[in-house]
Amino acid sequence: MAWASSINAFFNNFKRESQILSEETITLIKTHIKSNNLQEALSVINNALKDIENAPLNIAVTGETGTGKSTFINAIRGVGQEDEGAAPTGVTETTMARTPYPHPKLPQVTLWDLPGIGSSSFTPENYLKEMRFHEYDFFIIISASRFKENDAQLAKAISRMKMNFYFVRTKIDNELYNEKKSKPKTFNKENVLKKIRKDCSQQLKEVLSGEPQIFLVSNFETSEYDFPILEQKLLKDLPDKKRYVFMLSLNSVTKEAINLKRDFLKQKVFLEALKSGAWATIPFVGMIRDELEDLDETFNQFRSYFGLDDASLQKIAKDFNISVNELKEHLSFPRLFAEDDDVSLLKKLQNYIERVSLGIIGGLGGAVYYYKKSYYLQNVFIDAAANDAIALLNKKDLFKEKMGPNISKPPDFWE
Ligand code: GDP
């Protein structure tokens with residue numbers, strides 16, 4: 001059957017690390033398809049979708065007050081320090097209670113700010129018990145200087161509970177800045193980073209049996225240093241069913257992360273399409289305005305996943321010192337729904353279908369469900385949002401390069 005081989009081709013098209021279903025689930029679906037057991041295949045897809053959408057994710061962030069926990073929690077969620085729902089930064093902790101920070105776009109994701117173990121009289125085991133360790137998916141242990149013996153003891157206790165932990169050293173930007181100021185002639189970024197890494201692992205090495213990986217980050221520059229590496233590592237270590245929601249929760253500020261999000265979303269809408277019987281032949285017959293408007297909401301959701309929602313655009317425009325409308329001129333998505341632009345949307349869709357049929361996107365070759373409007377429209381949306389997110393990223397880089405860190409006027413390419 002055409003759709004059967006297309007489904008196979010679709011799954012084979014994504015690399016292992018960007019698949020949203022486990023290998024076992026994919027094999028199971030393929031097996032059912034091979035034996036022509038459509039109902040079984042559908043039921044596996046249905047359950048898998050439910051699993052990945054509803055998977056709760058709880059991330060514990062622990063460290064002494066002042067190390068940058070709150071700033072890290074905001075950075076990983078993509079929440080500005082002054083936004084609503086931001087973890088308050090620069091305040092001294094006085095209680096031993098944990099504080100939950102729900103993700104603004106994904107209610108299933110919560111980051112927990114845990115008071116540092118150093119300021120308590122708890123043993124690592126008691127501390128973990130007090131903090132309800134079994135509720136988290138993993139622990140981030142934060143320090144803004146060297147790690148201490150109690151950080152290492154805590155990590156040891158976490159592993160005894162068969163859970164994962166990650167050491168994150170914050171304020172790397174500060175460190176580099178200070179080194180450069182104090183030793184302008186001999187300053188070498190790589191050497192400074194190497195030295196920090198070495199200093200950080202010393203105490204840990206003595207207590208833990210191996211030398212743990214340490215992620216050097218700046219909470220203000222999340223596309224730099226080890227922030228993207230940390231995100232990738234967390235993604236890789238998570239159980240399959242949690243990866244989708246974690247990826248969506250990240251504030252993607254690298255091209256790789258945006259593309260990964262694009263892959264995840266495409267698989268998701270593909271599975272949704274299969275679930276809703278997209279292989280039925282529903283031919284593509286023109287596109288009327290009303291139908292497009294219904295899809296507005298879906299598209300807004302995708303925009304929000306890629307940080308292109310209205311609130312985010314307002315913030316970006318403010319950073320660039322331009323109006324939101326001027327910013328939108330550099331993006332393609334506003335034109336998808338432009339009042340007088342029906343023709344161009346249709347044209348875009350036609351081009352898209354051609355590209356899909358040529359097997360460039362998704363390797364879907366030949367199956368009838370291309371013609372299911374909402375499926376390929378969603379693909380158009382995902383691509384539009386992802387491409388815009390990448391375009392913005394490039395503009396930001398260019399912007400930084402041109403103007404240096406202290407910017408007061410917009411760069412000329414905006415004019
Ligand atoms: P918490 O008490 O551990 O939650 O620490 P906060 O997040 O409140 O941060 C304490 C101070 O360090 C604040 O003034 C932050 O702006 C600053 N800070 C946090 N992370 C970084 C970072 O990566 N780089 C720099 N330069 N400052 C940071």
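Whatever order the structure lists them in is the order used to number ligands and atoms, beginning at 1. Basis for what follows: all heavy atoms, side chains included, without hydrogens, waters or symmetry-related copies.
- Summary of contacts: the protein heavy atom closest to atom 23 (O) of ligand 1 is Asn219 N, 2.7 Å.
- With hydrogens left out, the protein atom closest to atom 19 (C) of ligand 1 is Thr71 OG1, 3.3 Å, a heavy atom.
- In this model, a donor atom of one side chain and an acceptor atom of the other lie less than 3.5 Å apart for Ser312 and Asp309.
- Exactly one of Arg146, Arg197, Lys189, Arg169 qualifies for a salt bridge (charged side-chain N to carboxylate O under 4.0 Å, His left out) with Glu175. That residue is Arg169.
- Ring-centre distance between Tyr166 and Phe138: below the 6.0 Å cut-off.
- Within the 4.0 Å heavy-atom cutoff, Glu64 counts among the residues contacting ligand 1.
- Side chains of Tyr127 and Thr62: a donor on one and an acceptor on the other come within 3.5 Å.
- At a cut-off of 3.5 Å, with distance as the only test, no side-chain donor of Thr170 or Asn219 sits close to an acceptor on the other residue.
- Within the 4.0 angstrom cut-off, atom 3 (O) of ligand 1 has one or more protein heavy-atom neighbours.
- Contact record, Pro88 with Val91: O-CG2, 3.7 Å, taken as the closest heavy-atom pair.
- Taking 4.0 Å as the cut-off, Gly63 does not count as a neighbour of ligand 1 on heavy-atom distance.
- Among the atoms of Val217, none of the N or O lies under 3.5 angstrom from an N or O of ligand 1.
- For a threshold of 3.5 Å applied to N or O pairs, the pair formed by Thr67 and ligand 1 contains at least one separation below that value.
- Closest protein heavy atom to atom 10 (C) of ligand 1: Gly66 O, 3.7 Å.
- Those atoms of ligand 1 with a heavy atom of Gly90 less than 4.0 angstrom away are 6 (P), 8 (O).
- For the pair Val79 and Pro104, the tightest heavy-atom approach, listed with the atom from each and the gap, is CG2-CG, 3.6 Å.
- What sits closest to atom 26 (N) of ligand 1 on the protein, heavy atoms only, is Asp173 OD2, 3.0 Å.
- Evaluated for a side-chain contact (heavy atoms from CB on, under 4.5 Å) with Val44, the options His32, Glu24, Lys30 yield exactly one hit, His32.
- Each of the following atoms of ligand 1 lies closer than 4.0 Å to a heavy atom of Ser218: 23 (O).
- Atoms of ligand 1 lying under 4.0 Å from at least one heavy atom of Asn174, given by number and element, are 26 (N).
- The nearest protein atom to atom 16 (O) of ligand 1, hydrogens excluded, is given as Phe220 CZ, 3.4 Å; this is a heavy-atom distance.
- Proximity of Leu265 to Leu248: side-chain heavy atoms (C-beta onward) are separated by under 4.5 Å at one or more points.
- When ring centroids are compared, Tyr136 and Phe139 come within the 6.0 Å threshold.
- Scanning the protein heavy atoms around atom 18 (N) of ligand 1, the nearest turns out to be Lys171 CE, 3.7 Å.
- Among all protein heavy atoms, the one lying closest to atom 5 (O) of ligand 1 is Gly68 N, 3.1 Å.
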